[in-house]
2 protein chains.
Amino acid sequence: MSLKDTAQASNCTAMSDVLNRIGDKWSVMVVGILSRSGTIRFNELKRSINGVSQRMLTLTLRNLERDGLVTRTIYPEVPPRVEYGLTELGKTLTGPINSLWDWSAEHHGSIIDARSIYDDRQTAVAAEAPRKIAYARG
Amino acid sequence: MSLKDTAQASNCTAMSDVLNRIGDKWSVMVVGILSRSGTIRFNELKRSINGVSQRMLTLTLRNLERDGLVTRTIYPEVPPRVEYGLTELGKTLTGPINSLWDWSAEHHGSIIDARSIYDDRQTAVAAEAPRKIAYARG
DNA sequence: CGGTATCCATTTGGATACTG
DNA sequence: CAGTATCCAAATGGATACCG
């Protein structure tokens, strides 16, 4: 274990704090999409992310903006246009995020399979032991 | 945008499913620690992860085991000994996870700074507009 | 179009106590 | 040691309605 590793292991705080913000589903999605789109409008983004509510997308974008990862540009037009993009800091996140994205695409099947096997085994174990342990205390 | 990118962007489902499981704080922590420790006992793991409750660590480990990412080995001794490690599938996750870990260590400071700036700006805006807009409807 | 505000059900997760 | 079980407060997040 290198010094660097030791420092990382002991200082889970930074990692923890970062994960509290960017470790949720929607944040990872947004950064992933933005890294490909360059710049994109609110509703485009909403359509790109399956299942996100307007509320959650707004909150996610505000948090990412607050943390200096995402830019928000308002064009004073009618109807209003707001475009989102990655900051320089945000762009440095695309490496880790995209490698996680690639990993998901590649190994999702294996996870699904593992779940089935695990669940089948649990069901079998539960069925095998209908008898209770009877014992007297004292 | 390559074909691969298009496929990833449209199929957020796999990514979404994977993130629902491994995208939380504790899971990332556990995989990160295990990638360094090789194999480790329950309470060692608990001590390594600041702030995790016994309940959450158990749940996290069960889920990771179910998804085929973590092995659980019981040694029938007294007192009982249970050791956790990464499966081969789990080991493939260490690349993405550790790069996220490194990113956190490197950029945590920038995020903290960005937050301060954002919050100060918001406070200033709030203080600047105590006047309300009065208007008559109809 | 791009939000905000409110309500409310569900989920999450810590604390605590108990067990083999 | 390595859990399991229960309780309960807080956070999460969808649905809905409304606004500039």
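Quick note on labels: first sequence line is chain A, next is B, and so on, each numbered from 1.
Applying the 4.0 Å criterion to OP1 and OP2 of C:dC1, one finds that A:Tyr84 has every side-chain N and O outside that range. The side chain of B:Arg72 places an N or O atom within less than 4.0 Å of a non-bridging phosphate oxygen (OP1 or OP2) of D:dG3. Note on A:Arg81: every side-chain N or O is 4.0 Å or more away from OP1 and OP2 of C:dG2.
Taking 4.5 Å as the limit, some side-chain heavy atom of B:Val70 sits within range of a side-chain heavy atom of B:Leu86. A 4.5 Å side-chain heavy-atom check between B:Tyr118 and A:Asp67 finds every atom pair outside the cut-off. In this structure the side chain of A:Thr71 never reaches within 4.5 angstrom of the side chain of A:Thr39, judged on heavy atoms.
For A:Arg62 and C:dG3, the CZ to C1' distance is 7 Å, given to the nearest whole Å. The separation between A:Leu61 atom CG and C:dT4 atom C1' is 15 Å, rounded to whole Å. Whole-Å rounding puts the A:Asn43 CG to C:dG3 C1' distance at 10 Å. Computed from coordinates, the B:Glu83 CD to D:dG3 P distance equals 12 Å when rounded to whole Å. Following rounding to the nearest Å, B:Asn20 (CG) and C:dT10 (C1') show an atom-to-atom distance of 15 Å. Remark: P of C:dG14 and NZ of B:Lys46 are 10 Å apart, rounded to the nearest angstrom.
A salt bridge is defined here as a Lys NZ or Arg NE, NH1 or NH2 lying under 4.0 Å from an Asp or Glu carboxylate O, and A:Glu88 with A:Lys91 meets this definition.
Contact detail for A:Ser48 and A:Ile40: the closest heavy-atom pair is OG-CD1, 4.1 Å. For B:Ser53 against B:Lys46, the heavy-atom pair with the smallest separation is C-CE, 4.1 Å.
Closest to the B:Gln54 side chain, of the nucleotides C:dA17, C:dG2, C:dG3, is C:dA17. Of the candidates C:dC1, C:dT4, D:dG3, D:dG3 carries the atom nearest the B:Phe42 side chain, counting heavy atoms from C-beta on.
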> What one-letter contact string describes nucleotides 8-15 of chain D from 5' to 3', where B marks a base within less than 4.0 Å of any protein heavy atom, S marks contact via sugar-phosphate atoms alone, and - marks no contact?
Replying inline: -----BBB
> Run the side chain to side chain contact (heavy atoms under 4.5 Å, CB included) check on B:Leu93 and A:Leu100 step by step: do they pass?
Replying inline: CA-CA 8 Å; B:Leu93 235 188; A:Leu100 191 61; 4.0 Å; yes
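Mapping A:Pro80 and A:Thr58 onto DNA chain C by nearest heavy atom places A:Pro80 closer to the 5' end of the strand.
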